[in-house]
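Single-structure report; data block below.
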Amino acid sequence: MLRNIEKATSVGHRENLLAPLKDQVEVLEAEKQASVQGNGKIFSRIFFRPNLNSRHFLCLLVFFLAVAVRLAHNAAMMSSPLYFVPLGWHRVFLDTALQIFQGDLFPGDRPFTENSPLLPYFFAFQHLLFGEENLFFMRLVGLTVDSVTAALLVVLGIRFFALLPGFLAGLLYAVYAPAVFYAVELIYIPYTLFFLVAAVLLLTVETRRAGAAAGCFLGFATLTMPAVFVIALLCCTAPLVTKGSNFRSRALSGVVSLLLAISPVTLLNYSRTGSFVLLTTAAGTNFYIGHNPFALAGYVLPDAIRPVQFVGRGSIFDKMKQVAEEVERRTFRDTEVSPYYFRKAIGYIMNHPLAELKLALLRLAALLNSYEATTYADYYYQREVSPVLRSLVPFEFLLAFAVVGLFGVSVRKVYLLLIPLAGTVIVVLLFFYLSRLRMPMIPFLCVFAGCGAALLSSFLKAREWAKVFALLSIFT
């Protein structure tokens with residue numbers, strides 16, 4: 001597919017193949033006007049006349065479809081023994097949530113080392129509602145939140161493009177296989193994506209209150225998944241690029257709200273260590289995992305650090321702290337581990353620039369690859385168990401439509417939608433590729449894919465076969 005894109009964008013083929021793809025927004029607008037002025041069919045009124053009733057209808061339709069698909073996958077997974085016996089980091093989050101539920105509101109005497117400070121508190125609240133570790137209802141909460149995200153994407157697509165692209169954006173997310181996979185898992189991804197999409201939707205409203213609310217939502221997204229902090233900062237400062245009314249005050253209110261939202265974790269870390277730790281102490285160790293002599297494009301623990309071998313698994317942070325102590329022959333405080341590994345990783349990068357460049361290119365290729373690299377649960381094992389998951393939309397399908405949707409759009413108009421895509425690329429290059437690190441860009445990729453699908457639909461309806469074939473060449 002990438003070879004075809006490269007061929008289509010070459011000088012010799014640009015005029016023949018890509019000319020039909022330009023100015024797609026104008027094409028959609030023309031289609032909209034033609035439908036509204038036509039014979040007044042119900043379908044045309046729903047999909048092209050943006051009145052409040054049709055928006056509500058489409059949001060509800062996408063929401064219930066998303067719920068149905070996720071419930072079907074959940075029912076299929078109930079036959080797996082892992083459904084009621086979570087392992088790995090699932091267990092860490094659940095154990096921490098149980099401590100909170102039992103009255104220890106701030107478990108332990110260490111800074112946060114897990115990669116989701118807020119998720120155990122969500123789980124603890126669900127214990128309060130459904131009883132201790134009612135995993136069935138906890139999964140229902142996750143899939144419901146993810147279904148709300150699908151409905152919000154309808155609104156987001158309408159806000160940036162038109163009614164049909166918005167509907168298709170929500171529809172694509174509702175049936176996107178990895179989204180369904182994560183929605184039923186006991187993981188932070190559904191909550192993070194909900195907060196991100198809600199924040200971007202709020203940022204389309206040009207008021208200081210909306211900017212402040214968006215900052216809060218971005219703070220909550222960061223507390224569930226610290227890796228999105230880069231995306232959160234870029235989103236808060238987006239008004240400085242998109243301008244509009246009160247753009248400076250909107251950006252300032254967003255940044256302040258973001259920092260206030262994450263400040264409880266920062267203050268708790270400081271009270272326990274006497275040192276500044278913004279979110280967790282795991283940043284340096286994760287950075288080293290991505291930049292060391294054994295590093296690959298994906299998440300792979302190094303076999304050794306100098307003479308010390310890694311043995312066993314468990315807490316990666318504790319294991320890497322232990323290795324650092326053995327290598328340096330001294331005791332490390334928790335707050336010393338991350339800077340230590342940052343220094344080692346930066347030293348490796350400086351000494352091996354060509355190897356790092358190659359690794360960066362491999363990570364970009366992995367990000368655009370269809371393979372879903374997972375750690376908490378095995379995506380491909382669940383595909384074997386769940387016929388629902390096997391029949392849903394994969395990443396390569398979504399990417400192809402999104403490439404179509406990206407042609408001809410104004411960067412300034414869709415700048416907010418591009419931020420999560422750019423932020424995801426930055427995070428993957430800084431650390432490594434994992435399926436869950438790709439997920440923050442997926443809802444926004446769905447919006448572009450909805451636009452691409454709407455464009456293809458308009459060409460098919462008008463029987464403009466040359467344009468249809470030009471678009472289809474991207475898929476092959």
Side-chain angles (χ1 to χ4, degrees), residues 89 92-93 95-125 188 191-192 195-196 199 212-237 251-289 314-325 328 330-346 423 426-427 430-431:
W89 274 104
V92 174
F93 291 135
D95 289 344
T96 306
L98 198 56
Q99 290 177 276
I100 296 168
F101 174 70
Q102 292 172 348
D104 186 1
L105 295 181
F106 308 106
D109 56 357
R110 306 172 64 184
F112 285 97
T113 60
E114 303 108 25
N115 52 9
S116 183
L118 193 55
L119 183 64
Y121 289 91
F122 286 160
F123 284 172
F125 181 68
Y188 46 82
Y191 305 97
T192 303
F195 288 131
L196 277 179
C216 287
F217 275 86
L218 290 167
F220 297 148
T222 302
L223 290 177
T224 56
M225 185 179 182
V228 304
F229 183 62
V230 173
I231 297 174
L233 271 180
L234 291 173
C235 284
C236 285
T237 57
L252 179 61
S253 62
V255 172
V256 170
S257 297
L258 166 65
L259 296 177
L260 286 175
I262 66 176
S263 62
V265 168
T266 307
L267 292 173
L268 186 61
N269 286 335
Y270 183 81
S271 69
R272 290 177 170 178
T273 65
S275 302
F276 176 79
V277 178
L278 184 64
L279 294 164
T280 78
T281 56
T285 55
N286 285 328
F287 188 67
Y288 181 80
I289 289 172
S315 170
I316 303 303
F317 176 82
D318 287 339
K319 184 62 62 177
M320 295 190 75
K321 178 185 176 183
Q322 178 186 342
V323 169
E325 290 175 336
E328 301 299 330
R330 69 178 181 87
T331 301
F332 275 67
R333 292 186 298 124
D334 286 341
T335 53
E336 293 179 304
V337 177
S338 187
Y340 172 78
Y341 280 105
F342 266 124
R343 289 192 299 270
K344 289 187 71 67
I346 292 171
I426 292 170
V427 169
L430 282 176
F431 297 100

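No hydrogens, no waters, no symmetry mates; every other heavy atom, side chains included, goes into these values. From a predicted model like this one, the values you see are computed outputs, not experimental measurements. One-based numbering along the sequence shown.
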Legend entry - Beyond-backbone contact of Val323 with Tyr341, side-chain heavy atoms, under 4.5 angstrom: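 Yes; the side chains approach each other to less than 4.5 Å.
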Legend entry - Heavy-atom check, side chain of Thr331 versus side chain of Glu325, under 4.5 Å: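 Yes, at least one pair of side-chain atoms sits under 4.5 Å.
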Which residues share a ring pair (Phe, Tyr, Trp, His ring centres under 6.0 Å) with [X], sequence neighbours left out:
X: Phe122; answer: Tyr191
X: Phe220; answer: Phe195
X: Phe332; answer: Tyr340
X: Phe125; answer: none

Taking only residues two or more places apart in sequence or in another chain, which ones pass side-chain contact (heavy atoms from CB on, under 4.5 Å) with [X]?
X: Phe342; result: Ala283, Phe287, Ser338
X: Ser263; result: none
X: Val255; result: Cys236, Thr237, Leu259
X: Leu278; result: Phe229, Ile262, Thr266, Phe276

Inset, instruction - Can you run down the side-chain hydrogen bond (donor to acceptor under 3.5 Å, both in side chains) pairs that involve residues 217-230, sequence neighbours left out, and say none if there aren't any? - result: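 Non-adjacent pairs meeting side-chain hydrogen bond (donor to acceptor under 3.5 Å, both in side chains): Thr192-Thr224.
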Legend entry - Pair listing, side-chain hydrogen bond (donor to acceptor under 3.5 Å, both in side chains) test, anchored in residues 97-112, at least two apart: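 Counting only pairs at least two positions apart or across chains, the side-chain hydrogen bond (donor to acceptor under 3.5 Å, both in side chains) contacts touching residues 97-112 are Arg110-Asp318, Arg110-Asp334.
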Inset, instruction - Quick one: list whatever passes side-chain hydrogen bond (donor to acceptor under 3.5 Å, both in side chains) with Thr335, sequence neighbours left out. - result: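 With neighbours one apart ignored, the set is Arg333.
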